[in-house]
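None of these values were measured; they are calculated from a predicted model. Quick note: numbers below take in every heavy atom, side chains included, and nothing from hydrogens, waters or symmetry partners.
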Amino acid sequence: MFEDQYNEEMEAEVRRLEAKKRAADAGHPEWDNACARCGCELKGSADQYCDKCRN
């Protein structure tokens, strides 16, 4: 039980850090996330691509 919660928290932290790195790589370290293709700002850290680039 504790292990499952820990794993979920660590996965969420990894997603957050990856999103923050994409934003920094796009030239906007103040953002929380950026599209991995076009570099536009994304809200949250769940997605790697914006709607335009996902299609």
Side-chain angles (χ1 to χ4, degrees):
M1 195 157 158
F2 172 76
E3 187 176 317
D4 290 338
Q5 180 181 357
Y6 176 81
N7 287 342
E8 289 172 5
E9 289 174 6
M10 287 300 103
E11 289 172 7
E13 181 66 7
V14 167
R15 281 192 305 272
R16 187 189 70 77
L17 291 171
E18 288 174 341
K20 193 71 172 163
K21 183 177 181 328
R22 280 192 300 275
D25 290 347
H28 296 281
E30 71 278 8
W31 292 355
D32 290 328
N33 195 2
C35 177
R37 283 204 180 114
C38 71
C40 70
E41 184 176 16
L42 298 174
K43 299 298 178 196
S45 61
D47 297 321
Q48 287 187 1
Y49 302 106
C50 64
D51 292 337
K52 182 180 77 172
C53 291
R54 191 176 303 128
N55 297 326

- Item | Any side-chain heavy-atom pair of Lys20 and Asn33 under 4.5 Å | no
- Separation of Lys21 NZ from Leu17 CG (nearest 0.5 Å): 11.5 Å
- Taking atom CD of Glu30 as the centre, does the number of heavy atoms from other residues, nucleotides or ligands within less than 6.0 Å exceed 12? yes
Show which side-chain atoms of residues 35-52 pair as donor or acceptor with protein atoms under 3.5 Å away, not counting sequence neighbours.
{"from": "Arg37", "atom 1": "NH1", "to": "Cys53", "atom 2": "O", "distance (Å)": "2.5"}
{"from": "Asp51", "atom 1": "OD1", "to": "Arg54", "atom 2": "NH1", "distance (Å)": "2.8"}

- Message: Does Glu18 form a salt bridge (charged side-chain N to carboxylate O under 4.0 Å, His left out) with Arg15? I'd like the steps, not just the answer.
- Response: CA-CA 5 Å; Glu18 288 174 341; Arg15 281 192 305 272; over 6 Å; no
- Any ring-ring contact (aromatic ring centres under 6.0 Å, His included) pairs touching residues 5-28, not counting sequence neighbours? His28-Trp31
